[in-house]
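Taking it in order: structure first as structure tokens, then the write-up.
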Protein chains: 2
Amino acid sequence: MGITKTDFFTSKQNQLANLAKALANPARIAIVEYLLKVDSCICGDIVTELPLAQPTISQHLKELKNAGIIQGTIEGKSICYCLNADAIQILQTFFSKIITKVDKNKCC
Amino acid sequence: MGITKTDFFTSKQNQLANLAKALANPARIAIVEYLLKVDSCICGDIVTELPLAQPTISQHLKELKNAGIIQGTIEGKSICYCLNADAIQILQTFFSKIITKVDKNKCC
DNA sequence: TTTATATATTGCAATATTACGATATAATTT
DNA sequence: AAATTATATCGTAATATTGCAATATATAAA
């Protein structure tokens, strides 16, 4: 069909999948890395930094914002974006738990 | 277009995006969580566990395996799957670095 | 060797994603 | 107010993803 069976999974599973989906693109990884480096910036800075058109960057920022990975604050005629550690913490916790719990000896 | 501009990004950025993409689906999150619980299992166990058809589970397992998140070992007529902590470690390291480096005071 | 069991592959329909040109919106500057 | 600057939205084409029925493959059991 092409539609994920969201209803059959828990809200936690859907939350993790949505956060992962927001980062499932190299341009959005690059945006996150850039924001980590400069702490905060405006959309135009990213357009200059990455080899993608302005509407494309704007769309990627929207997806990161919808997922809660970044936040945007209106500052005059531009919008200041920065990372939201809380959302990334959810992913970090999930992967940390896996790392500590995986028992290589019980693997096949 | 619908095609990611892979060539314009670093291999590290593409690697992180591909790992995230492998987990960007609640069914695959559920598979990972199930594998974490039972340490290892066969495809049929997951088909019983999740509300998806056998070909769909098989496809999800293939994607997780291609991304390096799980490994499969042939055991007679079935295939034993388990988590590969190394791949998940890459994501964990990335997110840990973000968490420790994000400076909330420099946010907008 | 026929049958059963376990998983993978193929083919397809429905939907989602990626990218961008054109254009809209909204605040700033002149 | 008109021009400029910064970002968002719309529309669209190309491609990718999701899910499954049908079928193929491959090993084990009878």
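Reminder, nothing fancy here: chain letters follow the sequence lines and each chain counts from 1.
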Discussion item. What's the closest nucleotide to the side chain of B:Ile79 if the choices are C:dG21, C:dA8, C:dA6?
Written reply: C:dA8
Worksheet item: Which sits closer to the 5' end of DNA chain D, B:Pro55 or B:Asn25, going by the nucleotide each is nearest to?
Response: B:Asn25
Fill in: Under 3.5 Å donor-acceptor pair, A:Gln54 side-chain atoms to D:dA8 base atoms
yes
Worksheet item: With distance as the sole test, does A:Asn84 use its side chain to make a donor-acceptor pair with the main-chain N or O of A:Gly68 at under 3.5 Å?
Response: yes
Worksheet item: With a 4.0 Å cut-off on heavy atoms, is A:Ile57 in touch with a base, just the backbone sugar-phosphate, or nothing at all?
Response: nothing
Worksheet item: Starting at the 5' end of DNA chain C, which residue's closest nucleotide do you reach first, A:Glu75 or A:Arg28?
Response: A:Arg28
Worksheet entry | Nearest-angstrom distance from the residue atom CG of B:Leu52 to C1' of D:dA21 | 15 Å
Item to complete: Could you tell me the separation between the CD1 atom of A:Ile42 and the P atom of C:dT28, rounded to a whole number of Å?
Response: 13 Å
Discussion item. Let me confirm one number: the NZ-OG distance from A:Lys65 to A:Ser58, rounded to the nearest 0.5 Å.
Written reply: 10.0 Å
Worksheet item: How many Å lie between CG on A:Asp45 and P on D:dA6, as a whole number?
Response: 9 Å
Worksheet item: Does a side-chain N or O from A:Thr56 land closer than 4.0 Å to OP1 or OP2 of C:dC20, or not?
Response: yes
Discussion item. What is the distance, to the nearest angstrom, from the CG atom on B:Leu64 to the P atom on D:dT17?
Written reply: 13 Å
Item to complete: May I ask you to verify if any side-chain N or O of A:Lys21 is less than 4.0 angstrom from the OP1 or OP2 atom of C:dT17?
Response: yes
Worksheet entry | Inter-residue atom distance B:Ile88.CD1 - A:Ser96.OG, 0.5 Å rounding | 11.0 Å
Worksheet item: Hey, is the main chain of A:Ala17 close enough, under 3.5 Å, to the side chain of B:Arg28 for a donor-acceptor pair?
Response: no
Worksheet item: Would you find a donor on one side and an acceptor on the other, under 3.5 Å apart, between the side chain of B:Asp45 and the backbone of B:Ile42?
Response: yes
Item to complete: Mind calculating the distance between CD1 (A:Ile74) and P (C:dT25) to the nearest angstrom?
Response: 16 Å
Worksheet item: Between B:Cys82 and A:Cys108, is the SG-SG gap less than 2.5 Å?
Response: no
Worksheet item: At under 4.0 Å between heavy atoms, what does A:Tyr81 touch on the DNA or RNA strands: base, sugar-phosphate, or nothing?
Response: sugar-phosphate
Worksheet item: Mapping B:Glu63 and A:Gly44 to their closest nucleotides on DNA chain D, which lands nearer the 5' end?
Response: A:Gly44
Worksheet item: Closest to the B:Lys77 side chain: C:dT28, C:dT5, D:dT7?
Response: C:dT5
Worksheet item: For A:Gln59, which contact category applies under a 4.0 Å heavy-atom criterion: base, sugar-phosphate, or nothing?
Response: base
Practice prompt. Output yes when at least one side-chain N/O atom of B:Ser58 is less than 4.0 Å from OP1 or OP2 of C:dA8, else no.
Written response: yes
Discussion item. Does C:dT7 have OP1 or OP2 under 4.0 Å away from a side-chain N or O of B:Lys62?
Written reply: no
Discussion item. Tell me whether the side-chain N/O atoms of A:His60 come closer than 4.0 Å to OP1 or OP2 in C:dA19.
Written reply: yes
Response to the item:
Rounded to whole Å, the CG-C1' distance (A:Asn14 to C:dA16) equals 16 Å
Worksheet item: Just how far, in rounded Å, is P of D:dA6 from CD of A:Glu49?
Response: 17 Å
Fill in: d(CG, A:Leu61; P, D:dT7) in whole Å
9 Å
